[in-house]
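Chain letters run A, B, ... following the sequence lines, proteins first, then strands; residues in each count from 1. Values reported hereafter were calculated over all heavy atoms of this structure, with side chains retained and with hydrogens, waters and symmetry mates removed.
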There are 2 protein chains.
Amino acid sequence: MRALTAIEEADIRERLSAIAPLSPKTWAAVRALGARSSLDKGGFFSRPQEPATRFAIVLSGLLRHYYTDARGRESVKAFRGPLELSGPYAELIQGRPSRTFIEALTPVELFVFRYADVDAAAQTSLELSLLLRRFGELQFVAKEQREYEFLQLSAEERYQQIRGRFAELMQHIPQHQIASYIGITPVALSRIRARLGRKR
Amino acid sequence: MRALTAIEEADIRERLSAIAPLSPKTWAAVRALGARSSLDKGGFFSRPQEPATRFAIVLSGLLRHYYTDARGRESVKAFRGPLELSGPYAELIQGRPSRTFIEALTPVELFVFRYADVDAAAQTSLELSLLLRRFGELQFVAKEQREYEFLQLSAEERYQQIRGRFAELMQHIPQHQIASYIGITPVALSRIRARLGRKR
DNA sequence: TTCAGTTCTTAACCCGGGTTAACGAAGGGC
DNA sequence: GCCCTTCGTTAACCCGGGTTAAGAACTGAA
């Protein structure tokens with residue numbers, strides 16, 4: 001368990017500052033609550049049934065958030081790359097056991113927090129409270145964007161959206177997982193790609 | 001502009017208390033920031049282009065949140081009934097102009113807040129800050145539920161879900177708006193209803 | 001190297017939902 | 001009363017995506 005490098009530390013701090021104002025004091029407190037951790041490719045940061053207790057900032061690598069239904073069909077909720085936050089967020093804030101798989105698609109370095117620690121610290125810190133609030137708000141905006149994509153875009157358009165958004169990370173993501181993310185089968189995505197290839 | 005009745009006041013207070021702890025002092029502050037207001041059937045609480053400044057607790061009646069795309073096609077994001085919160089939330093928290101129509105499907109009574117007032121008050125109140133945070137978190141959970149419905153349920157299953165959830169309010173909602181909410185056309189919903197009628 | 005598992009593609013077939021159009025019913029506005 | 005719009009239904013036709021199956025390319029482990 002190595003310590004954070006100076007660069008990583010600066011990156012994290014900048015990332016959090018972009019969400020809400022972060023005084024040196026608050027930053028020191030937050031930093032003290034986190035711990036570096038890593039995952040091998042294929043490892044899990046969260047699994048269903050486990051108590052949901054932790055979230056993390058991705059330092060490097062790529063994670064996939066997904067769940068399975070009763071018949072075992074997977075649905076991908078999100079991909080998370082460097083300097084994004086990862087964790088079974090809905091379950092953390094509801095105090096429920098995880099229903100989410102969070103899997104490392106590549107080797108991953110994380111800076112991990114126990115949600116209870118941060119939540120407790122926010123009880124006495126307006127700044128931290130605001131940070132958690134803004135974070136929740138951003139998560140909401142992202143999900144509303146996703147709602148928009150399902151309501152108004154075709155599968156082909158959704159594919160082109162994600163293609164723009166994850167451009168460089170996409171080579172690490174198997175296509176059937178991208179298909180699941182946009183709500184179609186791997187076969188359908190393959191057809192869409194063939195269609196697009198013919199056009200351009 | 002009538003004042004709140006004792007019953008309305010108790011209802012609102014209870015509703016907010018269910019989101020986060022609400023001391024008498026904070027409740028008094030919140031209450032002082034709100035103002036009663038009403039809308040005729042067909043009136044709008046929010047329209048695209050307007051600055052997004054207000055949100056409200058519904059005292060009675062039913063609202064619809066929707067937007068239109070470039071080709072003018074409507075998509076319904078939500079319906080809001082008594083004691084639910086309504087407003088162009090994503091735009092409020094991002095400080096952007098509204099992109100959302102919020103329309104009264106029936107005559108509506110509201111208790112209205114200026115977002116800036118509440119936000120400012122939260123800068124000095126941990127309790128209020130927590131309230132806003134929890135509210136955002138609940139909004140997120142609701143949208144994630146909706147994501148689940150699009151990823152794993154068929155249109156027919158989505159219809160049955162909403163049927164359970166809005167049971168009594170549904171007679172005030174035209175069917176083509178329900179169709180839009182679940183992401184299909186009115187014609188398709190009519191077919192689904194015919195299918196279901198034949199079965200049961 | 002061989003065998004198995006994974007990933008992606010393509011084809012064939014089916015079905016759900018989109019589109020357009022026609023029709024009847026209900027509800028305002030005059 | 002009448003008209004006009006909105007609403008819901010049904011039918012016909014088309015197309016996108018689901019399903020199943022087969023095969024090719026690649027990877028990794030024994």
Side-chain angles (χ1 to χ4, degrees), chain A residues 40-43 62 64 66 68-76 79 101 103-107 149-163 169-200, chain B residues 40-43 62 64 66 68-76 79 101 103-107 149-163 169-200:
Chain A
D40 292 334
K41 176 174 174 171
L62 183 59
R64 167 173 73 122
Y66 69 99
T68 57
D69 67 5
R71 302 72 123 194
R73 300 184 317 167
E74 288 184 4
S75 292
V76 175
F79 299 101
F101 290 93
E103 177 199 10
L105 295 182
T106 66
E149 290 168 9
F150 282 115
L151 283 176
Q152 298 211 327
L153 301 185
S154 66
E156 181 172 323
E157 290 168 320
R158 292 202 296 277
Y159 175 63
Q160 290 179 310
Q161 288 261 133
I162 191 186
R163 213 137 134 282
L169 297 175
M170 273 219 339
Q171 64 256 30
H172 300 292
I173 309 178
Q175 245 159 246
H176 68 271
Q177 294 177 7
I178 293 172
S180 171
Y181 179 77
I182 63 181
I184 61 177
T185 60
V187 179
L189 178 56
S190 187
R191 279 189 295 234
I192 287 172
R193 284 163 52 81
R195 265 200 318 263
L196 290 177
R198 238 171 286 127
K199 286 180 192 170
R200 135 174 4 167
Chain B
D40 292 333
K41 175 173 175 173
L62 183 60
R64 168 172 75 122
Y66 69 98
T68 58
D69 68 6
R71 301 74 122 193
R73 300 182 318 166
E74 289 185 3
S75 292
V76 175
F79 299 101
F101 291 94
E103 179 199 10
L105 296 183
T106 66
E149 290 167 10
F150 282 115
L151 283 175
Q152 297 213 328
L153 301 185
S154 65
E156 180 173 324
E157 291 168 319
R158 292 202 295 280
Y159 174 63
Q160 290 179 310
Q161 289 259 134
I162 192 188
R163 215 136 131 284
L169 297 176
M170 272 216 343
Q171 65 254 31
H172 301 291
I173 310 177
Q175 244 159 247
H176 69 272
Q177 293 178 5
I178 293 172
S180 172
Y181 179 77
I182 64 180
I184 61 177
T185 60
V187 179
L189 179 55
S190 187
R191 279 190 294 234
I192 287 173
R193 285 164 51 82
R195 270 205 308 270
L196 290 177
R198 238 173 285 126
K199 285 181 193 167
R200 139 172 1 165

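Checking Gly183(B) against Pro186(A), the closest nucleotide of DNA chain C that is more toward the 5' end is the one next to Pro186(A).
Rounded to whole Å, atom P of dC7(D) lies 16 Å from atom NE2 of His172(B). Between the CG atom of Leu189(B) and the P atom of dG8(D) there is a distance of 9 Å, given to the nearest Å. Between the CZ atom of Arg193(B) and the C1' atom of dG8(D) there is a distance of 8 Å, given to the nearest Å. Taking atom CG of residue Leu196(B) and atom P of nucleotide dT10(D), one finds them 13 Å apart after rounding to whole Å.
Partners of Val76(A) by side-chain contact (heavy atoms from CB on, under 4.5 Å), not counting sequence neighbours, listed by chain and number: Arg64(A), Tyr66(A), Phe79(A), Gln177(A), Ser180(A), Tyr181(A). For the side chain to side chain donor-acceptor pair (under 3.5 Å) test, residues two or more places apart in sequence or in another chain that qualify with Glu149(A) are Gln145(A), Gln161(A), Arg165(A). Under the side chain to side chain donor-acceptor pair (under 3.5 Å) criterion, Arg158(A) pairs with no residue, sequence neighbours left out. Every residue meeting the side chain to side chain donor-acceptor pair (under 3.5 Å) condition with Ser154(B), not counting sequence neighbours, appears here in chain and number order: Glu157(B). Partners of Phe150(B) under the ring-ring contact (aromatic ring centres under 6.0 Å, His included) rule, at least two apart in sequence or in another chain, are Phe150(A).
The shortest distance between the side-chain N/O atoms of Gln175(B) and the OP1/OP2 oxygens of dT6(D) is not below 4.0 Å. Dashed line: the shortest gap from a side-chain N or O of His176(B) to OP1 or OP2 of dT6(D) is not under 4.0 Å.
From the 5' end on, the contacts that DNA chain C makes with chain A at under 4.0 Å to a non-hydrogen atom open and close at dT7(C) to dA12(C).
With hydrogens and angles disregarded, no donor-acceptor distance shorter than 3.5 Å links the side chain of Thr68(B) to the backbone of Glu74(B).
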